[in-house]
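Structure first, commentary second.
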Number of protein chains: 2
Amino acid sequence: MTVIFSKKCEYGLQAVLYLSTLDEGRMASAEEISRKLSIPKEFVSKILQSLTAKKLVKSRKGNSGGFYLGKPASKIKLIEIVDAIDGLALFNSCVLGFPDCSPDEPCPVHNKWGKLRSSAYEMLTAETLEHFKKKTIAKINRIGKKK
Amino acid sequence: MTVIFSKKCEYGLQAVLYLSTLDEGRMASAEEISRKLSIPKEFVSKILQSLTAKKLVKSRKGNSGGFYLGKPASKIKLIEIVDAIDGLALFNSCVLGFPDCSPDEPCPVHNKWGKLRSSAYEMLTAETLEHFKKKTIAKINRIGKKK
DNA sequence: TTTTAATCAGATTAATTTATCTGAATAATA
DNA sequence: TATTATTCAGATAAATTAATCTGATTAAAA
């Protein structure tokens with residue numbers, strides 16, 4: 001069950017949030033991320049590869065290699081990850097699936113949805129990964145507990 | 001590109017909105033709905049069949065048969081269609097895909113998303129099809145114009 | 001230098017969602 | 001009664017998304 005993002009994007013967001021909790025200079029292998037987040041290793045690896053191509057994440061090959069953020073957590077916003085994986089069409093499409101939904105040709109819920117969409121966009125744009133760090137750590141620790 | 005509902009659900013919502021614009025006693029064939037909304041006939045037919053099973057829509061077989069609302073437009077809310085097709089898990093799932101997201105174990109955007117989710121739910125619950133009638137007619141007429 | 005553990009790339013498979021097809025049953029109407 | 005246009009049911013196909021596999025390359029460390 002996905003809410004508004006694809007699984008790929010959800011996992012990407014989780015993984016990047018996880019990387020943002022690492023101490024300065026540390027990196028995490030796909031195996032570690034997979035284990036900590038309970039998501040398929042090969043899949044998260046593939047997703048991080050694609051983020052690497054877009055410079056949001058960096059990687060080092062070989063023994064003791066892994067993934068780490070491409071720039072400081074204080075300079076990355078969630079929307080960048082969404083854009084890189086799912087794109088931003090979400091913020092431009094009619095929630096009822098009508099074609100050409102716009103202020104000129106609004107669907108029946110156009111105005112109401114418009115406000116929600118703006119808030120959602122804002123949620124992903126207002127803060128950086130740095131801001132989410134504490135909450136991320138708390139959440140991820142709990143995932144561990146369940147296993 | 002789908003925003004929060006599946007294509008099936010988007011088409012279902014559109015079709016039911018369309019049925020709500022019909023004059024008293026009229027019904028619409030799958031072919032008519034397909035043509036007016038520019039959506040695949042077989043697919044919308046299948047979706048309406050499933051809504052028929054849930055009594056939201058009624059159908060009549062044979063020549064000049066078709067689909068019509070199962071109860072007055074003033075008694076149907078959009079959320080009923082969503083529930084019948086996609087279910088309501090959407091309103092209970094973590095937007096970042098974390099497991100067991102709750103006030104006790106919140107994900108980093110839990111609170112912000114919670115508000116959005118409530119507004120979205122409200123958008124689908126507050127008004128009946130009757131309320132959307134005018135807007136629906138305006139929107140559907142425009143789809144016709146484009147063809 | 002050898003071993004080991006990692007990323008990377010690309011192919012493949014699996015699962016899910018979306019869409020179409022076919023044939024039977026039904027009912028209005030000519 | 002014959003014709004026609006429809007729903008209905010179920011099978012199938014196509015497309016998309018999610019997940020896995022394999023082999024090559026890389027680099028740290030023994």
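Each chain gets a letter, A, B and so on, in the order the sequences are listed, and its residues count up from 1.
When each of A:K8 and A:N63 is assigned the nucleotide of DNA chain D with its nearest heavy atom, A:K8 is the one assigned upstream, toward the 5' end.
Minimum atom distance to the side chain of A:K7 is reached by D:dA18, of the listed D:dT25, D:dA18, D:dA28. Which of C:dT7, C:dT20, D:dT7 sits closest to the side chain of B:S29 comes down to D:dT7. The B:S6 side chain lies nearest to C:dT18 when the options are C:dA28, D:dA28, C:dT18.
Between the P atom of D:dT7 and the NZ atom of B:K58 lies a distance of 17 Å, rounded to the nearest Å. Atom CD in B:E31 sits roughly 9 Å away from atom P in D:dT7 (whole-Å rounding). Note: CD1 (A:I85) to C1' (D:dA18) measures 13 Å, nearest angstrom. Going from atom CG of A:L48 over to atom C1' of D:dA19 covers 15 Å, rounded to whole Å. Going from atom CE of B:M1 over to atom P of C:dT17 covers 16 Å, rounded to whole Å. Separating the CD atom of A:E42 from the P atom of D:dT20 is a distance of 7 Å, rounded to the nearest angstrom. Distance A:Q49 CD to D:dT20 C1': 13 Å, rounded to the nearest Å.
The residue B:S45 sits apart from the nucleic acid: no heavy atom pair falls under 4.0 Å. Contact annotation for A:K46: base contact, defined as any heavy-atom pair under 4.0 Å involving a base atom.
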Subject >> Stepwise side-chain contact (heavy atoms from CB on, under 4.5 Å) test for A:K8 and A:F43 >> reply: CA-CA 8 Å; A:K8 222 184 254 181; A:F43 200 25; 4.1 Å; yes

**OP:** Take B:I4 and A:W113, measure what side-chain contact (heavy atoms from CB on, under 4.5 Å) needs, and give me the verdict at the end.
**Re:** CA-CA 11 Å; B:I4 54 179; A:W113 180 252; 4.1 Å; yes

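Distances shown here put every side-chain N or O of A:Y11 at or beyond 4.0 Å from the OP1 or OP2 atom of D:dA18.
B:F91 is connected to A:L116 through a chain of hydrophobic side-chain contacts under 4.5 Å among Ile, Leu, Val, Met, Phe, Trp and Tyr, so both are in one cluster.
A salt bridge is defined here as a Lys NZ or Arg NE, NH1 or NH2 lying under 4.0 Å from an Asp or Glu carboxylate O, and B:E80 with B:K71 meets this definition.
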